[in-house]
Amino acid sequence: MPELPEVETVARGLQRRVAGDTIESVWLSEKKQPLKSSTAEIVAALEGSRIVQARRVGKHIAIDLEKANGSQPGMAVLHSQWIVHLGMTGSMLVTTPEAPIEKHTHLIAKMASGKEVRFVDPRMFGKLAVTSSQFQAPGHEPLEIDFDSFAGLFRKRKTPIKSALLNQSLLSGVGNIYADESLARAGIRPKRRAASLTHAELKKLYIALQKVLHDAIKAGGSSVSDYVGADGERGFFQIKHLVYGREGQPCRKCKTPIKRIVIAGRSSHYCPACQK
DNA sequence: ATACCGACCTGTCAGC
DNA sequence: TGCTGACAGGTCGGTA
């Protein structure tokens with residue numbers, strides 16, 4: 001569920017609440033784990049590590065960790081990264097130890113401050129991993145890419161523009177909601193072949209995408225069903241959606257009913273009058 | 001190389 | 001009150 005603005009909100013929440021805190025112990029549920037690294041690797045990397053920084057990379061949360069290599073003073077510092085992908089339904093919550101443990105809690109990290117960081121994910125599409133190298137997302141950051149590079153991503157691509165926006169190896173962080181919402185704001189139909197977009201349309205899309213992502217971050221993301229930030233708070237950008245989740249409802253600009261079609265297996269929403 | 005499609009999971013909601 | 005099917009913010013691997 002979480003796309004760039006939601007993951008950014010969670011990462012900022014973690015940064016605010018637990019940066020500088022130390023992980024004292026880690027509990028992992030017995031159930032089949034949504035892990036990319038082994039349980040032992042995760043426990044070894046996390047326990048005793050200080051959280052230096054939490055930030056977003058694409059749709060991933062990268063948590064920079066460091067700990068002393070051995071107990072002797074002056075020993076080298078070990079650096080690692082805890083990588084979290086929230087999948088469709090994952091959340092990273094900072095709670096008190098007394099907070100009831102939600103069903104589908106897969107990891108609890110007890111912090112030196114007494115707080116707990118919990119990973120909860122009902123559908124288990126999320127992933128946890130640790131790495132000693134710097135994690136890099138495959139595609140460009142939509143909020144950092146320059147316009148010429150952005151336009152270059154779509155040149156020669158026959159795929160629908162909607163599919164291209166969702167392709168994480170092109171842009172990292174755009175998901176189903178913000179693909180639809182940016183196309184709506186740019187007046188472009190989701191099924192248009194990517195390569196058919198004119199220079200002017202690409203410019204509109206570039207500006208619309210960055211604006212909608214910035215606005216959604218300001219609103220704490222979109223909470224369509226169960227998304228919450230690190231403090232359990234809901235986002236409220238869903239009230240600003242022009243098309244996503246609004247099938248049959250009147251377009252906010254021209255009152256034409258919003259259409260829903262399926263592109264590459266994903267629901268796609270648009271205004272048949274405003275989007276060409 | 002590129003592009004669909006089902007699979008991976010659980011939960012919810014509409015309709016019968 | 002069930003039951004069934006469709007659908008849900010994402011990605012992967014297999015196939016054409």
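Every chain is numbered from 1, with letters handed out A, B, ... down the list of sequences.
Using P as the reference atom, C:dG5 and B:dG6 are 16 Å apart when rounded to the nearest Å. Spacing between C:dA6 and B:dC5 at atom P, rounded to whole Å, works out to 16 Å.
Taking atom CE of residue A:Met88 and atom P of nucleotide C:dC7, one finds them 13 Å apart after rounding to whole Å. In this structure, A:Lys127 atom NZ and C:dT11 atom P are separated by 11 Å, rounded to whole Å. One interatomic measurement links the two molecules: CD of A:Glu247 to P of C:dA8, which rounds to 9 Å at whole-angstrom precision. The CG-C1' distance, from A:Asn176 to C:dT11, rounds to 13 Å in whole Å. One atom, CG of A:Leu166, and another, C1' of C:dG10, lie 10 Å apart when rounded to the nearest Å. In this entry the distance linking CD of A:Gln168 with P of C:dG13 reads 15 Å, nearest Å. The CG atom of A:Asp226 sits 12 Å away from the P atom of C:dG10 (whole-angstrom rounding). Atom P of nucleotide B:dA3 and atom CZ of A:Arg193 are separated by 9 Å, given to the nearest angstrom.
Closest to the side chain of A:Arg123, from the set C:dA8, B:dG11, B:dA3, is C:dA8. Here B:dA3 is the nucleotide among B:dC4, B:dA3, B:dT10 with the atom lying nearest to any side-chain atom of A:Thr159.
Within 6.0 Å of NZ in A:Lys204 there are 12 or fewer heavy atoms belonging to other residues, nucleotides or ligands. No more than 12 heavy-atom neighbours from other residues, nucleotides or ligands sit within 6.0 angstrom of NZ on A:Lys191.
Tested against A:Phe237 for a side chain to side chain contact (heavy atoms under 4.5 Å, CB included), the candidates A:Val212, A:Thr9, A:Ile217, A:Ile177 yield a single pass: A:Val212.
Side-chain atoms of A:Ser268 and A:Lys162 include a donor-acceptor pair closer than 3.5 Å. Inspection of the A:Tyr178 and A:Ser222 side chains reveals an N or O donor paired with an N or O acceptor under 3.5 Å. A:Asp180 and A:His269 form a side-chain donor-acceptor contact under 3.5 Å, judged by distance and modelled atom types alone.
OP1 or OP2 of C:dT11 lies within a sub-4.0 Å distance of a side-chain N or O belonging to A:His85. For A:Arg266, no side-chain nitrogen or oxygen approaches OP1 or OP2 of C:dT11 to under 4.0 Å.
Under the stacking criterion of a centre-to-centre distance below 5.5 angstrom and an interplanar angle below 30°, A:Phe125 sits stacked against the six-membered ring of B:dC8.
Residue contacts shown for A:Lys59 are limited to sugar-phosphate atoms, with no base heavy atom under 4.0 Å away. If you check every strand for non-hydrogen atoms under 4.0 Å, A:Tyr178 touches nothing. Among the protein residues, A:Lys103 comes within range of the sugar-phosphate backbone only, with heavy atoms under 4.0 Å from sugar or phosphate atoms but none that close to a base. A:Ser267 comes within 4.0 angstrom of sugar-phosphate atoms only, judged by non-hydrogen atoms across all strands, and of no base.
Judged by distance alone, with hydrogens and angles left aside, the side-chain atoms of A:Gln168 form a donor-acceptor pair with the main-chain N or O of A:Val174 at under 3.5 Å.
The aromatic ring centroids of A:Phe147 and A:His199 lie less than 6.0 Å from each other.
Where A:Arg157 and A:Gly265 each meet DNA chain B at their nearest nucleotide, the meeting point lying more 5' is that of A:Arg157.
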Map every base of DNA chain C to its dot-bracket character, where paired means a Watson-Crick or G-U wobble contact with both distances under 3.5 Å and | marks a partner outside the strand.
.|||||||.|||||||

